[in-house]
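Quick note: numbers below take in every heavy atom, side chains included, and nothing from hydrogens, waters or symmetry partners. Naming convention: chains lettered A, B, ... in sequence-line order (proteins, then strands); numbering from 1 in each chain.
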Amino acid sequence: METLKQRVAEAAAEALGIALEEARSALEPPRDPRMGDLALPCFALAKRLGRNPAEIAAAAAARMRCAPPLASVRAAGPYLNFAFVPGAVADAVIGRVLAEGQAFGTSRAGAGQTVVIDFSSPNIAKPFGIHHLRSTVIGAAIGRILRARGHDVVGINHLGDWGTQFGQLIVAFRRWGDEERLAAGKIPYLLELYVRFNAEKKEQPALQDEARAAFRALELGDPQARALWRRFREVSEAEFRRIYDLLGVRFEHFTGESFYEEHMPAVVAELERQGLLVESEDATIVDLGADGLGVSIIKKADDSTLYMTRDLAAAIYRFETFRFSRALYVVGAAQTLHFKQMFRVLELLGRPFAKHMAHVPFGLLRFRDAKMSTREGRVIYLEEVLERAVELARSKIREKNPGLEDADRVARAVGIGAVVFNDLKNRRIKDVTFDWDEILAFEGDTGPYLQYAHARIASVFRKAARQPAALLGPFRFALLDSQVERDLTRAVSLYLEAVARAAAEHEPSIISQHLLDLAAVLNRFYIECRILGVDPDLSEARLALVRAAQITLRNGLALLGLEAPDEM
RNA sequence: GCGCCCGUAGCUCAACCGGACAGAGCAUCGGAUUUCUAAUCCGAGGGUUGCAGGUUCGAGUCCUGCCGGGCGUACCA
């Protein structure tokens with residue numbers, strides 16, 4: 001495809017009298033594929049020459065020699081549209097996809113660059129709720145996308161395992177807790193204690209002081225407090241790992257905030273040494289008023305730390321450990337100010353790597369009845385959502401494909417795929433409203449829709465009793481000149497661009513949207529074109545085409561964290 | 001109050017550096033299955049892109065103001 005584009009750029013540059021590079025960068029795939037394979041808008045040139053863009057396009061079209069692989073050059077208003085001879089695009093793309101297989105879509109663009117991604121990061125002792133899905137799934141997808149671009153990716157789960165809330169839990173457990181019930185009830189039991197604490201706090205405000213004191217003791221290393229805290233952490237981690245297994249999410253580092261505890265004093269001392277610390281209202285702060293960022297609290301009035309202190313220590317630690325060229329924080333948009341403050345404080349500390357850190361925000365999860373407060377114990381467990389989705393997938397399989405071997409595995413892939421894709425489908429900054437019907441949908445723009453398109457192609461190969469690997473060519477791609485066939489070829493070739501953009505923008509939805517488009521064309525093709533039982537050359541060419549589309553779908557789904565079963 | 005984000009069809013959303021008639025899914029209605037899985041496909045209706053200005057050859061996209069919603073705004077994360 002690149003060489004085809006190069007050929008057009010050369011011809012266009014000559015006809016228009018512009019630089020080759022200019023022509024190259026101006027060439028774009030037309031929005032409507034019926035306009036051709038490439039288009040060159042003449043607006044910029046028209047402006048420079050002070051002439052009408054449509055005239056320029058018309059004149060250039062008349063002047064251009066049109067030799068294969070170029071089939072036609074047409075001026076359409078201010079656009080110069082190019083179409084290749086039938087099969088030219090397929091020749092350039094399909095063979096490559098078949099040869100590269102699961103490497104199709106990967107590159108070495110980011111080779112030698114380490115990217116650390118902080119994502120998921122749930123709080124221990126609390127349920128892994130549906131609201132943790134976003135950071136987990138978006139962060140994991142960005143990690144896989146960057147890895148596909150050749151980056152060294154370090155995924156870090158920055159567990160919320162430190163802070164006043166553990167003081168609360170320690171107090172609650174001492175007052176009302178029971179080890180046996182903890183062993184049996186796990187996180188829901190811890191949640192129960194947490195909820196009770198928050199309820200009783202309303203009657204006895206002194207409890208909050210007690211909790212603060214308990215956290216203070218924890219920070220000072222009180223053995224009893226430590227032991228309880230360790231217990232909470234164990235219980236939580238075991239449950240989190242189970243969820244990550246279901247989602248297929250892996251971390252290179254599974255270290256919570258507490259890990260940075262010992263690194264905090266040095267950071268505070270350095271802030272002090274550089275004269276950045278100010279006492280204010282009994283707390284210790286960095287004043288960022290000059291930057292319009294308010295104040296950043298480093299230590300509370302009682303000298304205990306906050307998450308800012310820990311995040312600063314973590315950032316420095318991560319740079320010193322990984323020498324990252326980029327550090328990403330996949331954290332909700334509500335924390336934008338926190339990260340702006342943090343990056344600024346690091347700059348003030350004279351850490352140049354601050355410029356290579358970025359907050360990758362995403363929109364809030366909201367609920368229709370707006371009463372999903374963890375403090376009140378109203379939570380939707382992610383595991384429950386996943387289980388329901390898998391159960392629904394299982395019943396669909398019973399209905400549509402009763403003989404399916406491996407139905408359990410497929411039900412898991414499809415059910416979980418539906419939930420995961422639902423969160424990656426739209427631009428991450430959009431808020432999402434939790435809706436059972438939507439998250440459990442298997443039709444329309446959904447994960448199962450993509451998986452279905454993939455499975456249909458696998459089914460064709462089964463029917464033909466052909467091993468995809470035995471598809472050797474040469475192929476007569478010139479036979480693939482209907483509109484759907486060209487559209488499908490185009491959708492496959494545009495995948496590369498989608499991955500590149502998704503990586504650059506840290507935006508998995510660009511891939512999601514492209515795959516939806518690809519699957520839609522593929523399904524349309526499937527209805528309109530017979531693959532088997534037609535002229536042998538045509539059949540081979542179509543097999544190659546759908547195989548390429550299938551590989552592309554599978555690779556894209558893998559980047560998003562979805563499996564692509566061969567049958568469903 | 002101030003700051004940031006969002007506002008596109010009844011609902012949920014697309015629309016790459018501003019560019020060719022703003023596209024999908026859901027829902028509604030009507031159709032397609034002796035042929036490779038109907039978790040699919042085809043068709044129909046449905047839009048003053050929140051409002052008002054501005055910049056530009058050209059604005060859903062950029063700028064200003066306003067309206068609506070959300071989040072944040074000192075000892076939670």
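- For A:Glu485, the side chain to side chain donor-acceptor pair (under 3.5 Å) partners at least two apart in sequence or on another chain are A:Ser482, A:Arg542.
- Under the Watson-Crick or G-U wobble criterion, with both distances below 3.5 Å, B:U55 has no partner in any strand shown.
- For A:Ile297, whose side chain is taken as the heavy atoms from C-beta onward, the closest listed nucleotide among B:U40, B:C16, B:A74 is B:A74.
- Counting only heavy atoms from C-beta on, A:Lys300 has its side chain closest to B:C76 among B:G25, B:C76, B:A74.
- Among all heavy-atom pairs drawn from A:Glu507 and A:Arg428, the shortest one is OE2-N, 3.2 Å.
- Applying the 4.0 Å criterion to OP1 and OP2 of B:A14, one finds that A:Lys430 has a side-chain N or O inside that range.
- Between A:Arg366 and B:G69, a side-chain N or O to OP1/OP2 separation shorter than 4.0 Å is absent.
- Across the P atoms, B:U61 and B:U56 are found 16 Å apart, a figure rounded to whole Å.
- Residue A:Tyr452 places at least one side-chain N or O closer than 4.0 Å to OP1 or OP2 of B:A39.
- Nucleotides B:C42 and B:G47 are separated by 22 Å at their P atoms, to the nearest Å.
- A sub-4.0 Å separation between OP1 or OP2 of B:C75 and a side-chain N or O of A:Arg212 is absent.
- A donor-acceptor contact closer than 3.5 angstrom is absent between the side chains of A:Lys126 and A:Ser236.
- Checking side-chain atoms of A:Glu28 against main-chain N and O of A:Leu38 turns up no donor-acceptor pair under 3.5 Å.
- Nucleotide B:C5 is shown with an anti base, its glycosidic torsion being more than 90° from 0.
- B:A52 and B:C5 have their C1' atoms separated by 22 Å, with the value rounded to a whole Å.
- One interatomic measurement links the two molecules: CG of A:Leu306 to P of B:C75, which rounds to 9 Å at whole-angstrom precision.
- The phosphate of B:A20 has OP1 or OP2 within less than 4.0 Å of a side-chain N or O from A:Arg31.
- Pair assignment for B:G72 gives B:C2, based on Watson-Crick or G-U wobble hydrogen-bonding distances that are each under 3.5 Å.
- Distances shown here put a side-chain N or O of A:Thr164 below 4.0 Å from the OP1 or OP2 atom of B:C76.
- Base pairing of B:C13 is made with B:G23, judged by Watson-Crick or G-U wobble geometry with both donor-acceptor distances under 3.5 Å.
- The gap from the C1' atom of B:C75 to that of B:C67 amounts to 36 Å, rounded to the nearest Å.
- Straight-line distance between the C1' atoms of B:G70 and B:G18: roughly 28 Å, to the nearest whole Å.
- Taking a pair to require two hydrogen-bonding distances under 3.5 Å in either a Watson-Crick or a G-U wobble arrangement, B:G47 remains unpaired.
- Around CZ of A:Arg216, the count of heavy atoms belonging to other residues, nucleotides or ligands within 6.0 Å exceeds 12.
- Per the geometry, CZ belonging to A:Arg394 stands 19 Å off P belonging to B:A39, to the nearest Å.
- Taking the side chain of A:Phe442 as heavy atoms from C-beta on, and the options B:A39, B:C75, B:C71, the nearest nucleotide is B:A39.
- Taking atom C1' in both B:C16 and B:G72, one finds a spacing of 31 Å when rounded to whole Å.
- Checking B:U12, B:A38, B:A77 against every side-chain atom of A:Glu257, the shortest atom distance belongs to B:A77.
- Rounded to an integer number of Å, the gap from A:Tyr449 OH to B:U40 P is 7 Å.
- Distances from the side chain of A:Lys400 to the nucleotides B:A39, B:G72, B:C75 place B:A39 closest.
- Between the P atoms of B:G1 and B:C57, the separation comes to 38 Å (whole Å).
- OP1 and OP2 of B:A20 both lie 4.0 Å or more from every side-chain N or O belonging to A:Arg34.
- The P atoms of B:U28 and B:A74 are separated by 48 Å, rounded to the nearest whole Å.
- A:Tyr329 has its ring centre less than 6.0 Å from the ring centre of A:Phe339.
- Pair assignment for B:U40: B:A32, on the basis of Watson-Crick or G-U wobble contacts that are both within less than 3.5 Å.
- Among the protein residues, A:Cys42 comes within range of no part of the nucleic acid, since none of its heavy atoms lies under 4.0 Å from any strand.
- When the P atom of B:C57 is taken as reference, atom CD1 of A:Ile56 falls 15 Å away, rounded to whole Å.
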Could you pull out all donor-acceptor pairs under 3.5 Å where a side-chain atom in residues 441-450 of chain A meets a protein atom, sequence neighbours excluded?
residue	atom	partner	partner atom	Å
A:Thr446	OG1	A:Phe442	O	3.4
A:Thr446	OG1	A:Tyr449	N	3.2
A:Tyr449	OH	A:Asn523	ND2	3.4

